[in-house]
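In what follows, a structure is listed as structure tokens, so that the remarks can point back to it.
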Protein chains: 2
Amino acid sequence: MLNTDVVNIEKAAAIFKLLGDRTRLTMMKILENNDCCVCEFVEIFQASQPSISQHLRKLRDIGLVEEERRGQWIFYSMNKENEFFPFVQQVLSQIPNQDDKLKQLEENGSRISCC
Amino acid sequence: MLNTDVVNIEKAAAIFKLLGDRTRLTMMKILENNDCCVCEFVEIFQASQPSISQHLRKLRDIGLVEEERRGQWIFYSMNKENEFFPFVQQVLSQIPNQDDKLKQLEENGSRISCC
DNA sequence: TTAGTATATAACTATTTACTTATATAATCA
DNA sequence: TGATTATATAAGTAAATAGTTATATACTAA
């Protein structure tokens, strides 16, 4: 239980605040294993595009994710260079995998709607 | 990194929401190693008594802490019987110890104000 | 039993948050 | 080029949150 990846408590609280939203927490779990574009999240969460973009913006502002444009789409991925990445990774490892949500998109063909 | 203490994502989000407040996160770190009464937290955080009580209430409602009356005082402690205790413990282990805040009280004599 | 201390809770207020609608930007494709 | 698609962002709104003040409850000690 000894841990060397000790992290500033103020920053930790800010990260937990972001992870304290079910949509964002699920996003982070999906991004653990997949790059995703905005429109996929829109499908997965059945939410509006601005709502999804705003969640992603918060995750990006604090450094947890990064974006990369690929043609028409912008893909989001975990920011593995972030100094808090090991902390976040350890936290997320305790939460069940959410890749089934992405699989469902693939199965009903929604994923190819963009990617 | 394999983890068997996998926890419902909805509940995990609710717990992170509570830990996403600096006061409550620090409280939880202190309670990791110490039982504490309300008046001590009032001193530590230089906050009002109702504000502290309301934070503790939220932590209790979700099952993270429990209370025990000892005479005039009510002591709070980690609820080790809670099904999410291993999860919370693992999460907290990544955050620096906050016992110095309690030590400061002892040093300037404030802790004995009640306990 | 009365006064004092510790705590909880209710009611109110200010701030923050998540979402909506509307619009702007940027890339693609006909 | 103009239309379409993907995304970001701004502005507004409703709900949630954290704090305040006021008051109630419970224990202790004189």
Side-chain angles (χ1 to χ4, degrees), chain A residues 9-10 13-28 30-31 34-62 64-77 105 109-115, chain B residues 10 13-28 30-31 35-62 64-77 105 109-115:
Chain A
I9 196 163
E10 184 72 58
I15 291 172
F16 288 142
K17 180 166 287 182
L18 291 190
L19 299 182
D21 176 276
R22 192 191 172 157
T23 300
R24 284 189 299 257
L25 184 57
T26 307
M27 281 175 165
M28 289 300 291
I30 292 173
L31 292 176
N34 315 272
D35 292 3
C36 259
C37 68
V38 176
C39 61
E40 286 177 303
F41 284 131
V42 168
E43 282 297 317
I44 289 172
F45 296 108
Q46 293 290 298
S48 72
Q49 175 266 313
S51 165
I52 295 298
S53 282
Q54 284 156 12
H55 282 305
L56 288 166
R57 177 73 138 88
K58 287 179 184 180
L59 293 173
R60 202 200 54 186
D61 281 351
I62 209 170
L64 296 188
V65 306
E66 54 190 2
E67 60 183 45
E68 181 202 358
R69 182 174 278 278
R70 295 186 204 162
Q72 209 168 352
W73 301 282
I74 296 179
F75 277 74
Y76 284 84
S77 57
L105 283 198
S110 303
R111 193 168 192 198
I112 50 160
S113 74
C114 69
C115 313
Chain B
E10 184 72 57
I15 290 172
F16 287 143
K17 180 166 286 181
L18 290 191
L19 298 183
D21 175 276
R22 193 192 171 158
T23 299
R24 285 190 299 258
L25 184 57
T26 307
M27 280 176 165
M28 290 299 292
I30 291 173
L31 292 174
D35 292 5
C36 258
C37 69
V38 177
C39 61
E40 287 178 302
F41 284 131
V42 168
E43 282 296 318
I44 288 170
F45 296 108
Q46 293 289 298
S48 73
Q49 175 267 314
S51 164
I52 295 298
S53 283
Q54 284 157 13
H55 281 305
L56 288 166
R57 177 75 138 87
K58 288 179 184 180
L59 293 173
R60 203 201 53 185
D61 281 351
I62 208 169
L64 296 188
V65 306
E66 55 190 3
E67 61 184 44
E68 182 201 358
R69 181 174 279 277
R70 294 185 205 163
Q72 209 168 353
W73 300 280
I74 296 178
F75 276 75
Y76 284 84
S77 57
L105 284 198
S110 303
R111 195 172 189 195
I112 50 161
S113 74
C114 70
C115 311

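Convention: sequence-line order gives letters A, B, ...; per-chain numbering from 1. This is a predicted model, so every value here is computed, not measured.
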Checklist outcome for this item: When rounded to whole Å, the CG to P distance for the pair L18(A) and dT16(C) reads 15 Å
Next on the checklist: Which heavy atom of F45(B) sits nearest to which heavy atom of I52(B), and what is that distance?
Outcome noted: CD1-CD1, 3.9 Å
Checklist entry - How many Å lie between CD on E43(A) and C1' on dT7(D), as a whole number? => result 15 Å
Checklist outcome for this item: Out of dT7(C), dA10(D), dT20(D), minimum distance to the side chain of P50(A) belongs to dA10(D)
Next on the checklist: From C-beta outward on C37(A), which listed nucleotide comes closest to its side chain: dC19(C), dT17(C), dT7(D)?
Outcome noted: dT7(D)
Next on the checklist: Let's test your reading of the model: under 3.5 Å, does the base of dT20(C) pair with the side chain of Q49(A) as donor and acceptor?
Outcome noted: no
Next on the checklist: What I'd like to find out is whether the side chain of C39(A) reaches to under 4.5 Å of the side chain of Q49(A), using heavy atoms alone.
Outcome noted: no
Checklist entry - Does the side chain of Y76(A) get closer than 4.0 angstrom to OP1 or OP2 of dA8(D) through an N or O atom? => result yes
Checklist entry - Is it true that a side-chain atom of R24(B) and a backbone atom of L18(B) form a donor plus acceptor pair closer than 3.5 Å? => result yes
Item to check | Protein-nucleotide distance (E67(A), atom CD; dA8(D), atom C1'), rounded to Å | outcome: 9 Å
Item to check | Options dA11(C), dA22(D), dC19(C), nucleotide nearest the side-chain atoms of Q54(B) | outcome: dA11(C)
Checklist entry - Among the nucleotides dA6(C), dT17(C), dA26(C), which one has an atom lying closest to any side-chain atom of K17(A)? => result dT17(C)
Checklist entry - Taking OP1 and OP2 of dA8(D), is either one under 4.0 Å from a side-chain nitrogen or oxygen of R57(A)? => result no
Item to check | Length of the line joining R69(A):CZ and dA27(C):P, which is rounded to integer Å | outcome: 5 Å
Next on the checklist: As a test of reading the structure: which of dT17(D), dG19(D), dA8(D) is closest to the side chain of I74(A), going by heavy atoms?
Outcome noted: dA8(D)
Item to check | R22(A) CZ - dC19(C) C1' separation (whole Å) | outcome: 18 Å
Next on the checklist: Base, sugar-phosphate or nothing for R24(B)? Non-hydrogen atoms, less than 4.0 Å.
Outcome noted: sugar-phosphate
Next on the checklist: In this structure, how many angstroms lie between the C1' atom of dT7(C) and the CG atom of L56(B), rounded?
Outcome noted: 10 Å
Next on the checklist: Tell me the interatomic distance from Q46(A), atom CD, to dC19(C), atom C1', rounded to whole angstroms.
Outcome noted: 16 Å
Item to check | Gap between atoms CD and P, on E68(B) and dC27(D) respectively (whole Å) | outcome: 13 Å
Checklist entry - Hey, does F41(A) reach any base, or is it just sugar-phosphate, or nothing, if we go heavy atoms under 4.0 Å? => result nothing
Item to check | Test item: Y76(B) and V38(B) side chains (from C-beta on) under 4.5 Å apart, heavy atoms | outcome: yes
Item to check | Contact under 4.0 Å: S48(A) side-chain N or O vs dT20(C) OP1/OP2 | outcome: yes
Checklist entry - Does any donor-acceptor pair link the side chain of Q72(A) with the base of dT28(C) at a separation under 3.5 Å? => result no
Checklist outcome for this item: To the nearest 0.5 Å, atom OG1 of T23(A) lies from atom CZ of F41(A) at 10.5 Å
Checklist entry - Just how far is it from atom CG of D21(A) to atom CE of M28(A), taken to the nearest 0.5 Å? => result 12.5 Å
Checklist outcome for this item: The nucleotide from dT7(D), dT7(C), dT21(D) with an atom nearest the side chain of S53(B) is dT7(C)
Item to check | Phosphate contact (dC19(C) OP1 or OP2) by H55(A) side-chain N/O below 4.0 Å | outcome: yes
